[in-house]
Amino acid sequence: MPLISVNAVGLAAVYQSANFGGPMRPSDLQILRETELYQRLGPETLDRLTRHCLVRDVPRNTLLTEQDQPAEYVHVVLRGRVALLAECSDGSNTIVTSFGGGEIFVTAAAVLQLPYLVSAKTVAPSRVLLIPAARFRRALQSEPTLALYMVDVLAHHWRLLVGHLRELKLLTAVERLASYLVARSGATEGNANFVLTEDRRTIAAQLGMRHECLSRSLQKLRANGVIVHGNHVEVKDVAKLKEYFRPVQRVPSAEQHTTFDDQPFADLETAELAEARH
């Protein structure tokens, strides 16, 4: 299926069409209330940030942003999955990483008023909230909670990319796949059953391998209790699978990593003073 490009004809013009966006529904607000963005900003700040913003239902294989184009929006995935795609002038491309429901992406370009370094493509039917970049920058100046949240988000994204680089350089293709499946399972031990939201070509690109190599790697993992039927995966023993790949510690997920407001500043200052005395 060819990619559907919306930036090519101008996002602003396209979004005026009833077929390409509309106001938030009550169900969208309910989804937002379950995200870290809502928990960190609170209802009033989030309302000021998202008031009158457009929400789009986007089919699979749609380009939301294009590499080297001006950053017009900050995007929040309400449902579905979006992959970041790096492209070369000869048409070759690879997937850098992907984001799922509740996650915010391509914020750096909007904050810095620079072109996108990557394209963003839906790899599953998705619903996406679009916050105008200019509004987002103004909110960063006036809303301290948003500014602190973005420091945390951008730091996490940096660690995520470094983690990908470490795995590409230190793990074999089969080990990278095992690490990916353990992370997707959301479990640390025991049996795990889950559904992959991305197709195999997308997963292969994200892991830095060809589609044929992914198929061979899945076959090799059968001996380690990995059973795959379509997009359904069963891992017989997650702890055993973790032992298969060498211990390159994965970057914690957004739910696991520590945020700035986990510890009051006064407590941090007290801890620093105590450490200095020793």
Side-chain angles (χ1 to χ4, degrees), residues 1-25 27-29 31-32 35-37 46 49-50 52-89 91-137 139 150 153-154 156-157 160-161 164 196-199 201-203 205-206 254:
M1 180 186 294
L3 295 179
I4 304 170
S5 174
V6 292
N7 260 2
V9 294
L11 285 170
V14 171
Y15 292 152
Q16 291 175 1
S17 166
N19 295 326
F20 280 86
M24 277 201 296
R25 305 168 184 163
S27 58
D28 297 326
L29 186 56
I31 293 173
L32 273 177
T35 66
E36 186 184 7
L37 181 67
L46 189 63
L49 180 65
T50 61
H52 306 308
C53 286
L54 291 175
V55 180
R56 294 186 58 216
D57 282 309
V58 191
R60 180 176 174 271
N61 268 356
T62 301
L63 279 177
L64 295 172
T65 70
E66 290 192 73
Q67 184 174 300
D68 299 325
Q69 293 299 309
E72 301 178 82
Y73 295 91
V74 169
H75 299 72
V76 181
V77 183
L78 298 177
R79 184 182 67 250
R81 196 154 196 91
V82 175
L84 300 188
L85 194 72
E87 302 168 292
C88 290
S89 57
S92 60
N93 59 64
T94 188
I95 291 176
V96 178
T97 190
S98 63
F99 296 93
E103 295 188 279
I104 187 170
F105 66 94
V106 294
T107 52
V111 172
L112 297 173
Q113 301 184 60
L114 292 174
Y116 295 116
L117 286 177
V118 292
S119 298
K121 180 190 75 170
T122 55
V123 292
S126 303
R127 188 162 172 80
V128 182
L129 169 67
L130 298 106
I131 305 172
R135 176 192 291 190
F136 193 83
R137 288 192 294 272
M150 285 312 305
V153 166
L154 293 174
H156 173 67
H157 288 176
L160 182 70
L161 293 176
H164 286 322
L196 296 173
T197 57
E198 301 155 315
D199 60 53
R201 291 190 181 277
T202 299
I203 295 171
Q206 188 171 336

Working for side chain to side chain contact (heavy atoms under 4.5 Å, CB included), residues Leu32 and Met24: CA-CA 10 Å; Leu32 273 177; Met24 277 201 296; 3.7 Å; yes
Arg201, CZ: over 12 other non-hydrogen atoms inside 6.0 angstrom: no
Nearest heavy atoms of Ala110 and Val74, plus distance in Å: CB-CG2, 3.5 Å
Leu112: partners by side chain to side chain contact (heavy atoms under 4.5 Å, CB included), with sequence neighbours left out: Leu114
For Thr202, all residues meeting side chain to side chain donor-acceptor pair (under 3.5 Å), sequence neighbours excluded: Asp199
Close side-chain approach of Pro115 to Gln69, heavy-atom, < 4.5 Å: no
His164 versus Thr97, closest heavy-atom pair with distance: NE2-OG1, 3.3 Å
Spacing of NE2 belonging to His156 relative to CG belonging to Leu161, to within rounding of 0.5 Å: 9.5 Å
Shortest non-hydrogen contact from Gly100 toward Val77: O-CB, 3.3 Å
Residue list, side chain to side chain contact (heavy atoms under 4.5 Å, CB included) with Ala120, at least two apart or on another chain: Leu64, Thr65, Val82, Leu84, Phe105
Side-chain heavy-atom pair His75, Leu130 within 4.5 angstrom cut-off: yes
From CA spacing to verdict: side chain to side chain contact (heavy atoms under 4.5 Å, CB included), Ile104, Phe136: CA-CA 12 Å; Ile104 187 170; Phe136 193 83; 4.2 Å; yes
Any side-chain heavy-atom pair of Val153 and Met150 under 4.5 Å: yes
Side chain to side chain contact (heavy atoms under 4.5 Å, CB included) involving Ala109 - partner list, sequence neighbours excluded: Ala71, Tyr116
Over all atoms of both residues, closest heavy-atom pair of Ile131 and Cys53: CA-SG, 3.9 Å
Side chain to side chain contact (heavy atoms under 4.5 Å, CB included) partners for Arg25, two or more places apart: Ser27, Asp28, Asp57, Arg127
For Thr50, all residues meeting side chain to side chain donor-acceptor pair (under 3.5 Å), sequence neighbours excluded: none
Distance-minimising heavy-atom pair for Thr197 and Arg81: OG1-CD, 3.2 Å
